[in-house]
Amino acid sequence: MARSFTHFLPLLLFACFAVIASIALVMTLSGERKPSELPSALIGKPVPPTELPSLYNPQAFVNIEAATSQPYLVNFFASWCAPCRAEAPALAILAKKIDIIGIAYKDKPQDSQRFLTDYGNPYTAIGSDNEGSAGLNWGVYGVPETYLISADGLIIKRHAGPIDGDILREELLPLIRSLQKQG
Amino acid sequence: MLSPEFGHFCLVLALVVSGAQIILPMVGLLRDDARLIRFAEPLQHLASMAIFISFASLVYAFIVSDFSVQLVASHSHSLKPMIYKITGSWGNHEGSLLLWIVILGLFGMLFVVRETASRLKTLTLMVMGGITLAFLAFSLFTSNPFTRLSPAPPDGRGLNPVLQDIGLALHPPMLYLGYVGLSVAFALAIAGLITGEVSKNWARITRFWVVIAWSALTAGIALGSWWAYYELGWGGWWFWDPVENASLMPWLAATALLHSVIVVEKRQQMVSWTLLMAITAFSLSLVGTFIVRSGLLTSVHSFASDPARGIFILFILLGAVGLPLFLYAFRAGSLTKGSDYALLSRETGLIINNYILVVSTFIVLIGTFYPLALELFTGAKITVGAPYFDATFNPVMGIGILFMAIGPLLVWRRGMVGSARPALLLSAAVTGIAAIILMASSGISVAGIAGIALTLWLALSIGGDMLFRLRPWQAGMGARLRLPATQWGMWLAHFGMVIFLIGALASALFEQENVVRVNKGTEIALGNETVIFDGVEERIGPNYVTETALLRLFDRDGKLIDGLYPEKRFYPAERQTTTEAAIRTRLSGDHYAVLGDGSAESGYTLRLYHKPLVSWIWFGAVMMAMGGLVALYRRPQRAQKASLQAEQGLREAE
């Protein structure tokens with residue numbers, strides 16, 4: 001019997017791939033799935049309860065509270081992420097206007113610390129999410145990702161990707177100003 | 001004459017001719033009618049010519065800024081420099097698709113000219129006609145580049161400034177030469193499956209086209225990575241982005257094919273596997289096109305994505321991959337022969353090579369598509385980034401390099417080159433000692449030391465192989481230099497890998513970075529050097545205005561080395577800002593400066609890097625590509641005999 005199962009294997013693998021790609025495509029076409037638009041299920045909802053070991057002191061914990069007296073930002077970053085370096089200047093500017101809580105996503109603490117020494121530390125508190133579990137709860141798509149939280153602990157805005165000058169000036173700063181005025 | 005309508009007409013003509021290129025020879029083969037079979041070749045020439053004229057009309061419309069053509073209006077601008085008007089014709093979806101077809105036509109034409117007439121050639125041309133037909137239909141029905149616009153706007157909307165760049169202008173043609181070149185091997189594999197004859201001759205023909213495609217693909221990927229390095233301004237050269245992965249997967253499969261086809265040529269082994277690799281390599285090129293065009297995956301390369309076109313590509317993919325794999329499933333079994341080689345042999349070495357390359361292709365494939373699959377079944381959006389690939393791809397490649405040093409020292413059927421044992425023992429000893437010294441005396445991570453050791457091991461074994469084969473200490477080296485071109489090509493390509501690894505390792509392990517906020521006159525330390533910031537100047541370019549930072553670079557003794565002028569450009573027509581990194585490239589390493597946000601009052605953000613040996617990454621890639629081309633060189637008959645004798649002499653000497 002010359003015809004063996006192994007020669008069918010490539011066809012089977014390809015069939016699996018084709019089925020997945022077809023479903024994805026149909027969903028994209030019907031508008032159920034928007035690859036460029038990230039899901040905003042969390043917008044307007046309270047922040048997911050998050051408690052992480054502090055980056056610089058693993059015995060202590062960083063808590064992201066459901067309600068604080070001030071609006072704040074939550075920024076997911078990692079030392080292995082090139083765009084995170086690109087947004088370092090923008091975060092430095094933001095840090096002067098609003099508190100930023102950093103979450104080091106899937107990153108070894110010593111690498112994150114080195115990254116912050118090199119690129120500056122704009123954060124008021126930093127949690128270490130080495131396992132990526134907090135990222136899962138927040139539905140993080142990739143790093144860097146930034147969330148704006150209102151004083152009553154609701155997620156106002158989500159920005160995926162690095163913060164550049166335009167996003168800073170035209171989107172984030174006006175929103176922060178209006179939130180701070182309300183507060 | 002070169003009006004858009006004529007270009008459109010030629011595209012339709014090419015579609016009809018490609019259809020005929022399949023049907024006429026097929027009828028001829030079924031009826032055993034030689035006249036009909038002979039039609040395949042002139043039809044291929046006709047289709048290629050029609051495609052070339054069509055592309056020329058599109059480029060012409062860009063050159064004269066004919067804004068009544070929708071594509072020109074949305075991607076060009078009268079103020080743009082001429083070179084970018086021309087390259088802009090393929091800096092968009094419709095145009096780049098037409099370029100893809102042009103290269104397909106070019107390969108078809110060259111194939112007709114180079115190969116002698118045979119059943120295999122006819123069948124291959126039919127398959128290539130099928131591919132051309134599918135892509136012409138895709139172009140005409142979903143992405144027609146010649147659509148008119150009425151009324152014509154007074155000026156165009158311009159090209160994305162990020163795309164106004166010479167590296168990016170050359171990157172797609174080079175990459176497409178690689179992608180499309182693989183279609184020839186693919187067509188040959190299908191023809192081989194149909195005829196059931198996968199002979200030495202089949203392998204000889206296929207190897208030529210695989211090597212051409214592989215060399216172009218290597219150069220194309222290198223150009224893309226070089227572009228990302230100097231244009232994106234992040235200082236990196238590879239980001240494991242889906243679009244990059246899309247070009248890496250066919251490269252890995254083509255590398256496997258490049259090696260396995262030699263086994264078919266020399267030994268008639270690994271036949272069905274080689275056919276599978278030929279199908280896989282081109283399929284992955286199509287998958288790459290699918291990823292980029294369908295918008296299924298988000299990426300930093302937001303080129304053109306329209307899901308409606310994805311449907312069409314999905315059908316092309318189903319036909320172009322599904323049918324050959326179906327054919328393979330039923331026919332490959334009859335092509336398999338029993339193996340007749342020892343465990344320690346060149347054959348085994350190349351099988352290991354192929355398995356490692358296939359595993360790494362799978363790793364990249366999974367890293368690219370797993371997030372999509374997971375999202376479909378669970379709704380969770382995740383990202384797979386550098387940590388995944390560092391943990392999976394790099395170790396597998398490390399094992400690959402371990403074997404890459406041994407494989408070329410093995411001989412066909414059984415055993416090793418006589419001089420291999422001392423060469424390998426010596427390399428192992430030197431590598432081991434070097435690794436221990438590094439481990440004890442430097443602060444480099446274990447992974448870093450492993451990388452250095454593997455690179456050293458590979459370099460030493462190639463050097464040892466060359467030394468013991470050529471024996472410069474003995475008389476008559478002139479005769480020994482006349483080794484087959486394939487041997488020199490292999491050495492060059494493998495040594496290119498060493499150079500690439502040195503660049504990749506040195507730039508990662510010994511990089512110096514500094515990110516600072518500066519005011520006029522600030523001194524910044526960067527490793528041994530110092531940089532002084534002399535403020536920012538506003539300048540005006542042809543179609544942009546720019547803020548240019550003035551930086552002076554001093555060495556450790558305070559001597560001025562050079563000036564660095566990173567820019568931030570604003571393109572008014574597109575209302576977009578780009579950053580232009582200032583890069584001072586030397587063989588010893590690059591100084592890389594990026595100007596960030598800021599103002600004269602609050603100061604500017606600067607990012608400075610020193611990346612040792614980083615340009616070796618691209619030198620290495622160029623050497624690999626050159627190695628491929630060298631291996632193709634065929635000497636005139638007489639010299640060929642001499643080189644065979646030289647090889648014979650070597651074997652006897654062993």
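All heavy atoms count here, side chains included; hydrogens, waters and symmetry mates do not. Labels below follow one simple rule: chain letters A, B, ... track the order of the sequence lines, proteins then strands, and each chain is numbered from 1.
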- B:L317/A:F17 under side-chain contact (heavy atoms from CB on, under 4.5 Å): CA gap, chis, key distance, verdict: CA-CA 11 Å; B:L317 210 59; A:F17 169 81; 3.9 Å; yes
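Other residues, nucleotides and ligands place more than 12 heavy atoms under 6.0 Å from the OH atom of A:Y56. Atom OH of B:Y355 has 12 or fewer heavy atoms from other residues, nucleotides or ligands within 6.0 Å.
If you tally non-hydrogen atom pairs under 4.5 Å between each of B:L318, B:T280, B:N514 and chain A, the highest count goes to B:L318. Interface summary for chain B: among A:S22, A:A15, A:G120, A:A18, the most heavy-atom pairs under 4.5 angstrom belong to A:S22.
Heavy atoms of B:L276 lying under 4.5 Å from chain A belong exclusively to its side chain. Proximity to chain B (any heavy atom under 4.5 Å) is shown, for A:L12, by neither the backbone nor the side chain.
Residues A:L13 and B:F362 are in side-chain contact: their nearest non-hydrogen atoms beyond the backbone lie under 4.5 Å apart. Using a 4.5 Å heavy-atom cutoff, the side chains of A:F14 and B:I279 are not in contact.
Here the straight-line distance linking atom CG of B:L325 with atom NE2 of A:H7 works out to 12.0 Å at 0.5 Å rounding.
If you look at A:F8 and B:Y328, their ring centroids are not closer than 6.0 Å.
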